[in-house]
Amino acid sequence: MAAPATPPDSTQQAPEATLPLPTPVAADTLPAVETSASALPADSSARPRRARKTDYQVAPGVTWHYEKPKPFRWLLHVPRDLVQYPGYAFRKENTKAIVGIGLSSVALWVADQVLLDWAQDFGRAINLEAKSTQKTLVYIPFKVGDINLPLEFNVPDNLNSTFYYIGDGWTHLGTAAGFMAYGIIKKDNRAAQTASQLGESILSTGIVVQAIKRSTGRQSPFVATKPRGEWHLFPSFTQYQSRVPNFDAYPTGHMATAMATVTVIADNYPEYKFVRPLGYGLIGLLGYSMLNNGVHWASDYPLGIALGYGFAKIAVRHGRTRVEAPAEPGTGFVPRRPQPWHQRIQYAPFNYGPYTGVSCSYSW
């Protein structure tokens, strides 16, 4: 009879591997470990980076898309704006405005001396000092040949000069710098684009204003040798630079720059209804101050205002795109991104009688 099977001897089994248990360590003795934002897991509770804001709903059903502007790219837009301005200004729908600018300029020219005398009499009646005096904070001499072109930064030192300073270039450059700083800090594309459009429209306006001033050569009131001033057409560069007030009255650059600034801001921020009334009110104070201190005639204003307004409209038009709603509501907005220049060329075949060919069009 077979013997029953016996279990193998446990003493002959290979011993199991054993690991030493970790020694408990107090939590406050653990070394600190630095972690970077990139090393954090996706579900980390760390503060997320601020996303750039690009789309802005300014009214029910109206949303604008703004790309992030490249630094100083607006300088390259100035030649385009100068070329486009005649086509933009002299459109059929602007006929009434053009006629109005012409008629108002003529009517104001007829009344120039009367309006100037009234403005200055009123200033004396309310003890508003007529002098346009400023305090120089920064002065950097700069010379081109025999011509002095210093870089200086002044601030007004009386009330009339404060009104006059509304149209100063430094005021509007400072405004543009404020929008740019806000756009960078808050990652706000609309503010950054507003700053770029301000620089673009102010520079474009200034170029045209200077070209007209140096062509018309109208005397400023405070140096006028006869009522309403004399006109010295096409003065030489040396004449103009040596006696600027004798030639630079028409049109007003201060009003042009101020109108460009107000228009750019108001068009980009239409939800803020106070911008235009406030801006136009300040422009009115600027206009009066330039009559009171004898820098400009009233008839210098219409063309300057029109130039600033037109160049501002062109800059804004190129600095944003309308976001269109899709066919089915409730599915969100589809932004229409600006295309690169080489993708704006469109070709299409045509047949006209016996002629066939390809037409080419370019979308600005």
Any donor-acceptor N/O pair, Gln113 side chain to Arg228 backbone, under 3.5 Å: yes
What's the verdict on side chain to side chain contact (heavy atoms under 4.5 Å, CB included) for Trp231 and Tyr250, showing C-alpha distance, side-chain angles and the deciding distance? CA-CA 9 Å; Trp231 301 71; Tyr250 183 83; 3.9 Å; yes
Side-chain heavy atoms nearer than 4.5 Å, only ILVMFWY residues, links allowed to pass through others: does that put Tyr165 and Val138 together? yes
Does Thr225 offer a backbone N or O that forms a donor-acceptor pair with the side chain of Gln219 under 3.5 Å? yes
Under 3.5 Å, side chain of Lys213 to main-chain N/O of Asp248, donor-acceptor pair present? yes
Side-chain donor-acceptor pair present, Gln239, Arg214, cut-off under 3.5 Å: no
Could you check if a side-chain atom of His232 sits within less than 4.5 angstrom of a side-chain atom of Asn246, using non-hydrogen atoms only? no
Which pair of heavy atoms, one from Gly294 and one from Pro221, lies closest together, and at what distance? O-CD, 3.1 Å
Under 6.0 Å from the CZ atom of Phe72, do we count more than 12 heavy atoms belonging to anything else shown? no
A quick test of your reading: do over 12 heavy atoms of other residues, nucleotides or ligands sit less than 6.0 Å from OH of Tyr309? no
Residues Val262 and Ile283: closest non-hydrogen pair is CG2-CD1, 4.0 Å
Hey, are Lys313 and Glu200 close enough for a salt bridge, meaning a charged N less than 4.0 Å from a carboxylate O? no
Does the Tyr56 side chain pair with the main chain of Tyr269, one donor and one acceptor, at a distance under 3.5 Å? no
Going from OH on Tyr66 to OG1 on Thr54, what distance comes out if it is rounded to the nearest 0.5 angstrom? 11.5 Å
Go through the steps for Ile212 and Leu303 under the test side chain to side chain contact (heavy atoms under 4.5 Å, CB included), then give the verdict. CA-CA 10 Å; Ile212 299 176; Leu303 180 58; 4.0 Å; yes
Going by an N to O cut-off under 4.0 Å, is there a salt bridge joining Asp112 and Arg218? yes
Are Trp297 and Leu116 side-chain neighbours, meaning at least one heavy-atom pair lies under 4.5 Å? yes
Nearest 0.5 Å, please: how far is OG in Ser196 from CH2 in Trp74? 8.0 Å
Do Leu173 and Leu286 land in one hydrophobic cluster if side-chain heavy atoms of ILVMFWY residues count as linked below 4.5 Å? no
Gap between atom CZ of Arg243 and atom OH of Tyr240 - 0.5 Å precision: 13.0 Å
Flag this pair as yes if the NZ/CZ of Arg190 is under 6.0 angstrom from the six-membered ring centre of Trp64 and inside a 45 degree cone about the axis; otherwise no. no
Do Thr175 and Ile265 have side chains that approach each other closer than 4.5 Å (heavy atoms only, starting at C-beta)? yes
Is a donor on one side and an acceptor on the other found under 3.5 Å between the side chain of Thr257 and the backbone of Gly253? yes
Apply side chain to side chain contact (heavy atoms under 4.5 Å, CB included) to residues Val62 and Gln57 and explain how you reach the verdict. CA-CA 6 Å; Val62 179; Gln57 185 173 2; over 6 Å; no
Would you say the side-chain atoms of His318 and Gln84 include a donor-acceptor pair closer than 3.5 Å? yes
Please give me the minimum heavy-atom distance between Pro156 and Thr162, naming the atom from each residue. CB-N, 3.6 Å
Straight-line distance of Ser289 OG to His254 NE2, nearest 0.5 Å: 8.0 Å
Between Asp267 and Arg276 (salt bridge meaning N to carboxylate O under 4.0 Å), is one present in this structure? yes
Do Thr194 and Asn268 get their side chains close enough for a donor-acceptor pair, meaning under 3.5 Å? yes
Student check: side-chain heavy atoms of Phe90 and Asn94 closer than 4.5 Å: no
Linking I/L/V/M/F/W/Y whenever their side-chain heavy atoms sit closer than 4.5 Å, directly or via other members, would Ile166 and Phe274 fall into one cluster? yes
Within a strict 4.5 Å, meaning less than it, do heavy atoms of the His172 and Leu198 side chains meet? no
Worked check of side chain to side chain contact (heavy atoms under 4.5 Å, CB included) between Leu82 and Phe311: CA-CA 8 Å; Leu82 295 174; Phe311 279 113; 3.9 Å; yes
Is a side-chain donor or acceptor of Ser104 paired with a backbone partner of Ile101 at a separation under 3.5 angstrom? yes
Flag if over 12 foreign heavy atoms under 6.0 Å of OH, Tyr288: yes
If hydrophobic clusters are built by linking Ile, Leu, Val, Met, Phe, Trp and Tyr wherever their side-chain heavy atoms come under 4.5 Å apart, do Val295 and Val209 end up in the same one? no
With side chain to side chain donor-acceptor pair (under 3.5 Å) as the criterion, how do His296 and Asp300 come out once you've worked through the C-alpha distance, each side chain's angles and the decisive distance to 0.1 Å? CA-CA 7 Å; His296 278 292; Asp300 299 333; 3.1 Å; yes
What about Leu115 and Trp109, same hydrophobic cluster or not, with Ile/Leu/Val/Met/Phe/Trp/Tyr joined at side-chain heavy-atom distances under 4.5 Å? no
Nearest-0.5 Å distance that lies between atom CZ in Phe222 and atom CD in Gln120: 11.5 Å
Grab the two heavy atoms, one from Thr216 and one from Leu233, that are nearest each other, plus how far apart they are. O-CD2, 3.6 Å
Considering residues at least two apart in sequence or located in another chain, which fulfil the side-chain hydrogen bond (donor to acceptor under 3.5 Å, both in side chains) criterion with Asn160? Asn292
Whether the side chain of Thr263 engages the backbone of Ala260 through a donor-acceptor N/O pair (distance < 3.5 Å, no angle test) should be reported. no
For Leu307 and Pro251 the tightest heavy-atom approach is CD1-CG, 4.4 Å
Taking everything shown except Tyr88 itself, do over 12 heavy atoms lie less than 6.0 Å from its OH? yes
Can you find a heavy atom in the side chain of Val208 that is under 4.5 Å from one in the side chain of Tyr85? no
So, for Ala224 and Gly229, which heavy atoms are closest and what is the spacing to 0.1 Å? CB-CA, 4.0 Å
Aromatic plane relationship, Phe122 with Trp118 - under 30° parallel, 30 to 60° tilted, over 60° perpendicular: parallel
Which distance, rounded to the nearest 0.5 Å, do you find between the CG of Leu285 and the OH of Tyr280? 15.5 Å
Between Asn158 and Ser161, is there a donor-acceptor pair closer than 3.5 Å when you use the side chain of the first and the backbone of the second? yes
